[in-house]
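One structure is given here, and the rest of the page talks about it.
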Protein chains: 2
Amino acid sequence: MNGGFSLPLSKDDIPPSDVILGKFLIIANVIPEALLEAQGAKIISLPKDSFLFMEGDMAQHYYQIKTGKIKMVNHNDDGKEFVQGYFEDGQSFGEPPLFKASHYPASAFGFKATELYKLSREKFLNLLRENFEVHLQFTTKLAQRMMYKAMMMKEISSHDPEHRILSFIDYIKKESQAGDKPFTVSLTRQQMADLLGIRVETIIRSVKNLAEKGELSIVARKIIR
Amino acid sequence: MNGGFSLPLSKDDIPPSDVILGKFLIIANVIPEALLEAQGAKIISLPKDSFLFMEGDMAQHYYQIKTGKIKMVNHNDDGKEFVQGYFEDGQSFGEPPLFKASHYPASAFGFKATELYKLSREKFLNLLRENFEVHLQFTTKLAQRMMYKAMMMKEISSHDPEHRILSFIDYIKKESQAGDKPFTVSLTRQQMADLLGIRVETIIRSVKNLAEKGELSIVARKIIR
DNA sequence: ATGGGTTTATGATCGAAATCATAAAGGGAG
DNA sequence: CTCCCTTTATGATTTCGATCATAAACCCAT
């Protein structure tokens, strides 16, 4: 999953559920910290439950998580939220608008207290210029996220909650590299709902149905497939 | 929209509607043809109404359209289709799975008879390696498509057909760089339906509603905003 | 251990988009 | 011009997820 880099991730102190939650959508474990520091990246702190930037803001900086967890999220008019993704240690987020100096399509929210590297747009582009391997690595991660979004769009468009849920679980299972081994979903049903654009109640009911059909099993409320 | 390159696009023989249709989702006018040829790209022909590759196939080649039009599309079990995007002259498509040697998340369909450059994965990556500007250009286009998908996911998830339609039209209007000038949507209602994951009838009714509300106007069945 | 907040659960009702059916209008090829 | 196919249009009906309401189970902090 790290695609070549061995960053000092030290996930030992993170509870298992979070590791799994992070597994999928860990999509851009991008730039070695040494390189960021060499370019002059600053380290900043984002408190839990606060926003780093809001949907619509102009993108000026590259951000990469040192430790913590960020939720990229859209809020529609009636307050409902749609989660574009979660990002954790070593991952970057919110880079797409950097390239054309445009605005963020979603807000960045501190799901946990988070420490981040912050690098100006110019220095970021410079870093890519001077480092083909990092650039390629970055593009690769972007491409992966792209495919995730393509998959989700297809699923979301053909609304059938059960199908959506299964595809989603299979995707994160694959990401987790669990192989054939039973895979435990560590997301809450609410989190799945926000990622899939479905109400919690519907998730709960659909999951139960899927369990009855034998497509997955529920043990101690956890979803296993 | 071309972002720096002036490719010999010669769109003169393409009717206006197609130019406009192509305007949006023209997102990766990527590699100068001279470079492709230098790397040894072959030119192949894809007949109208045929598939170049299918969802699930392993990605082995980089494709860039010389002339014609490609539709990237998913088919769900009951035959309904979801269109990920249209691509035209000068654009590339289906590149994300190239980076990790994985399979296509959607099928490529000849919306018109199309001539394409075809380049092996290795040579494509090589080309990026040797050409920072092209690589950056490519990443930029990928980032743009990414943002389009993020926007669409958010819209699709918060189902309100009218809202979705307006956001979509505003997006393609912006892409077309029409500014404040009235913008005529050149997509059929069916095409909009397939791009938005809504039924045609719903599009028709919603558009009519929006016209009554004054959000847009319909002239000779064409949607103007 | 206890209390408060979250997560899971379940039933009842509603509503909006999908579906089904049918037809008129437009457009292109010969 | 005419025929045929696509696109737009409109009404009737159905369906399934959203919504509302309520409560049990669980978990964590003090």
Side-chain angles (χ1 to χ4, degrees), chain A residues 15-18 21 48-49 71 76-83 111-112 155-166 168 184-212 216-224, chain B residues 15-18 21 48-49 71 76-83 111-113 155-166 168 184-213 216-224:
Chain A
S17 68
D18 293 309
L21 169 55
K48 180 168 151 62
D49 294 337
K71 177 168 78 171
N76 61 354
D77 314 325
D78 39 307
K80 234 153 282 166
E81 68 175 40
F82 177 74
V83 174
F111 192 79
K112 297 179 174 179
E155 285 298 333
I156 290 179
S157 87
S158 85
H159 343 111
D160 170 4
E162 296 189 13
H163 194 270
R164 273 200 242 183
I165 292 170
L166 271 192
F168 176 75
T184 301
V185 177
S186 62
L187 297 161
T188 67
R189 280 145 178 80
Q190 182 62 61
Q191 286 173 325
M192 291 184 63
D194 291 339
L195 281 159
L196 291 169
I198 307 180
R199 298 293 133 248
V200 209
E201 297 94 322
T202 303
I203 296 273
I204 291 171
R205 284 185 252 256
S206 301
V207 164
K208 211 179 140 196
N209 253 348
L210 287 166
E212 275 162 18
L216 47 78
S217 55
I218 303 176
V219 176
R221 310 168 127 215
K222 288 289 176 200
I223 300 166
I224 298 174
Chain B
S17 68
D18 292 309
L21 169 54
K48 179 169 151 63
D49 294 338
K71 178 168 78 172
N76 61 354
D77 313 326
D78 40 307
K80 233 154 283 165
E81 68 176 40
F82 178 74
V83 175
F111 192 79
K112 297 179 174 181
E155 285 297 333
I156 290 179
S157 87
S158 86
H159 343 113
D160 171 6
E162 296 189 14
H163 193 271
R164 273 200 242 182
I165 291 170
L166 272 192
F168 176 75
T184 302
V185 178
S186 63
L187 297 161
T188 67
R189 282 146 177 77
Q190 181 62 62
Q191 286 173 325
M192 291 184 63
D194 290 339
L195 281 158
L196 291 169
I198 307 181
R199 297 293 132 247
V200 209
E201 297 94 322
T202 304
I203 296 274
I204 291 171
R205 284 185 252 254
S206 301
V207 165
K208 211 179 141 195
N209 253 349
L210 287 166
E212 276 162 17
K213 289 183 188 167
L216 45 80
S217 55
I218 304 176
V219 176
R221 310 167 127 215
K222 288 291 176 198
I223 300 166
I224 297 174

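Every chain is numbered from 1 and lettered A, B, ... according to where its sequence line falls, protein lines coming before strand lines. Owing to the predicted nature of the structure, the values given are computational and were not obtained by experimental measurement.
- Sequence order on DNA chain D of the closest nucleotides to Thr188(B) and Asp160(A) puts Thr188(B) first from the 5' end.
- Checking dA18(C), dA9(C), dT7(D) against every side-chain atom of Arg199(B), the shortest atom distance belongs to dA18(C).
- Side-chain proximity of Thr202(B) to dA21(C), dA18(C), dT8(C): nearest is dA18(C).
- Of the candidate nucleotides dA17(C), dA18(D), dT8(D), dT8(D) has the atom lying nearest to any side-chain atom of Arg221(B).
- Of the candidates Val200(B), Ile198(B), Val83(B), Val185(B), Met192(B) forms a side-chain contact (heavy atoms from CB on, under 4.5 Å) with just one, namely Val185(B).
- Comment: Lys213(B) engages Glu162(B) in a salt bridge, judged by a side-chain N to carboxylate O separation of less than 4.0 angstrom.
- In this structure, the CD atom of Glu162(B) is 12 Å from the C1' atom of dA17(C), given to the nearest Å.
- For Arg164(A) (side chain) and Leu196(A) (main-chain N/O), a donor-acceptor pair under 3.5 Å exists by modelled atom type.
- Spacing between atom CD1 of Ile198(A) and atom P of dT8(C) amounts to 15 Å, rounded to whole angstrom units.
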(request) Go through the steps for Ile223(B) and Thr184(B) under the test side chain to side chain contact (heavy atoms under 4.5 Å, CB included), then give the verdict. (result) CA-CA 6 Å; Ile223(B) 300 166; Thr184(B) 302; over 6 Å; no
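- A salt bridge is absent between Arg189(A) and Glu201(A); no separation between the charged side-chain nitrogens and carboxylate oxygens falls under 4.0 Å.
- Side-chain atoms of Arg205(B) and base atoms of dT19(C) include a donor and an acceptor less than 3.5 Å apart.
- One interatomic measurement links the two molecules: NZ of Lys80(A) to C1' of dC20(D), which rounds to 13 Å at whole-angstrom precision.
- Atom P of nucleotide dA18(D) and atom CG of Asn76(A) are separated by 13 Å, given to the nearest angstrom.
- Between Arg189(B) and dT7(D) there is no side-chain polar atom (N or O) within less than 4.0 angstrom of OP1 or OP2.
- When distances run from any side-chain atom of Lys208(A) to the nucleotides dT10(C), dA25(D), dA9(D), the shortest one goes to dT10(C).
- One atom, CD of Glu212(A), and another, P of dA9(C), lie 12 Å apart when rounded to the nearest Å.
- A straight line from CD of Glu201(A) to C1' of dA12(C) spans 13 Å, rounded to a whole angstrom.
- In this structure, Asn209(A) atom CG and dG11(C) atom P are separated by 12 Å, rounded to whole Å.
- One can place CD of Gln190(A) at 17 Å from C1' of dC27(D), the figure rounded to the nearest angstrom.
- Comparing atom distances between the Ile204(A) side chain and each of dT8(D), dT10(C), dC26(D) picks out dT10(C) as nearest.
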